[in-house]
Amino acid sequence: MRILVSGGAGYIGSHTTLQLIAAGHDAVIADDFSRSKRSVIPRLEALAARPIEVRVVDLTDRAATDALLESAGFDAVIHFAGLKAVGESVSKPLDYYRVNLGSTLSLLAAMARQGVPSIVFSSSATVYGEHAPVPMEEDFPTSATNPYGWTKVMQEQVLRDAAVADPSLRVALLRYFNPVGAHRSGTIGEDPSGIPNNLMPLLAQVAVGRRDKLLIYGDDYPTPDGTGRRDYLHVEDLAAGHVAALDRIAGSATQVSTWNLGTGTPTSVKEMVDAFSRACGHELSVEVAPRRSGDIAESYADPSRAEAELGWRATRTIDEMCADTWRWQSNNPDGYPV
Ligand code: UD1
């Protein structure tokens with residue numbers, strides 16, 4: 001298939017692009033490079049051992065998105081592009097609604113015009129809200145606690161409504177748990193702009209000396225060691241989930257499929273700190289701090305639907321996730337150059 005990968009220069013998009021190419025697909029990256037760096041592209045081309053077509057497009061621009069789809073004969077879209085920092089979404093909600101909803105609306109309109117039948121969407125376990133029991137199942141009700149989360153809930157709804165109106169449309173809603181890790185080569189990985197919000201990039205920056213210490217947000221949760229537990233999955237397993245979902249929905253009788261992508265096994269903050277210390281070979285400085293507002297004690301997937309319907313399972317271990325993150329971070333202490 002010829003596949004448009006929106007946000008293909010970003011963390012999950014770049015790893016998925018490589019796997020699409022390895023699976024024999026033709027992947028075209030569309031990115032505005034607002035939160036990614038151009039130097040990822042030659043690194044991807046080196047890993048893929050072939051040139052990769054890149055279009056610099058702002059997907060909130062309807063005319064530009066129409067032109068992109070008109071020109072290229074796509075069979076499917078994988079839609080990663082979007083803003084994803086929870087704290088920033090609280091201070092700049094309108095940017096989050098404009099960019100995240102706007103890009104999805106332009107893509108769907110352009111897909112309808114060109115007859116592109118399939119879209120795989122980057123959703124998040126954040127759509128289960130703050131009161132969901134664990135493990136989380138796809139049929140649970142959705143809600144959110146911040147504008148970023150609401151954009152995911154709303155984009156899922158937009159995609160479902162578009163499918164009702166167009167019986168030829170096939171949609172996969174992929175609810176990611178906590179993606180971490182990097183490609184084994186250590187040449188591509190997660191490079192958040194500004195101060196990271198998430199645990200793994202913060203741990204990696206402490207390990208490499210860019211930050212003094214990690215603040216552990218709360219050790220009084222009702223969990224075995226008192227710290228929050230999450231379902232971390234390797235970005236390479238996550239990328240494989242996209243390839244499987246794309247194959248599954250093409251020509252499927254089901255119009256909208258929702259799949260959790262996680263391991264089903266939670267790991268605590270303290271366990272992650274220990275695993276990362278093993279990977280980098282030295283102790284990491286940590287300090288217990290108050291809980292972070294909006295955090296929940298535990299979040300982990302029931303991944304059985306993805307296993308049954310996609311034949312997909314996350315297999316890489318926490319130690320592999322930390323070792324691969326460390327290889328990337330130690331080879332690239334300041335992330336991508338430009
Ligand atoms: C966060 C977002 C979530 C988003 C996801 C992916 C919040 C409240 N939630 O999820 O909406 O979908 O990222 O981008 O921001 N931790 C520390 N110290 C730190 C950072 C994190 O102890 O400096 C802890 C957290 O309290 C949590 C765990 O590490 O228990 C994982 O945190 P994080 O990586 O931010 O992911 P989520 O909170 O699951």
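Atoms within each ligand, like the ligands themselves, are counted from 1 in listed order. Just so it is clear, the structure is predicted and the values come from calculations on it, not from any experiment.
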Have a look at Asn198, Val86, Ile296 and point out the one with the heavy atom closest to atom 13 (O) of ligand 1.
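The option holding the nearest heavy atom is Asn198.
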Proximal ligand 1 atoms for [X], defined as those under 4.0 Å from one of its heavy atoms:
X: Ile216; result: 22 (O)
X: Asn178; result: 36 (O), 37 (P), 39 (O)
X: Asn197; result: 20 (C), 35 (O)
X: Thr126; result: 11 (O), 12 (O)
X: Leu215; result: 17 (C), 18 (N), 19 (C), 22 (O), 23 (O)
X: Leu202; result: 19 (C), 20 (C), 23 (O)
X: Ser124; result: 12 (O)

What protein heavy atom is closest to atom 8 (C) of ligand 1, reported as residue, atom name and distance in Å?
Asp295 OD1, 3.1 Å
protein heavy-atom neighbour closest to atom 19 (C) of ligand 1 works out as Tyr217 CE1, 3.3 Å
Intermediate values then yes/no, salt bridge (Lys or Arg N to Asp or Glu O under 4.0 Å), Arg278 and Glu283
CA-CA 8 Å; Arg278 287 195 295 277; Glu283 288 296 306; over 6 Å; no
Please check if Phe74 and Leu246 belong to a single hydrophobic cluster, counting links between Ile, Leu, Val, Met, Phe, Trp and Tyr side chain heavy atoms closer than 4.5 Å.
no
Tell me whether Leu215 is reachable from Ile195 by hopping between hydrophobic residues (I, L, V, M, F, W, Y) whose side-chain heavy atoms are closer than 4.5 Å.
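No, Ile195 does not connect to Leu215 through the hydrophobic network.
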Using the salt bridge (Lys or Arg N to Asp or Glu O under 4.0 Å) rule, take Arg2 and Asp75 through it: C-alpha gap first, then chi angles, then the decisive distance, then the call.
CA-CA 5 Å; Arg2 186 162 162 81; Asp75 300 297; over 6 Å; no
Whether Arg35 and Glu88 form a salt bridge (side-chain N of Lys/Arg under 4.0 Å from carboxylate O of Asp/Glu) is what I want to check.
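Salt bridge present between Glu88 and Arg35.
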His183 and His15 aromatic ring geometry - parallel, tilted or perpendicular at 30°/60° bounds:
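Answer is tilted, since the angle falls between 30° and 60°.
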When only distance counts, is Asn146 in polar contact with ligand 1, meaning an N/O pair under 3.5 Å?
no
Under 6.0 Å from the ring centre and within 45 degrees of the ring axis: does the NZ or CZ of Arg229 meet both conditions for the six-membered ring of Tyr221?
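The answer is no, since Arg229 fails at least one limit relative to Tyr221.
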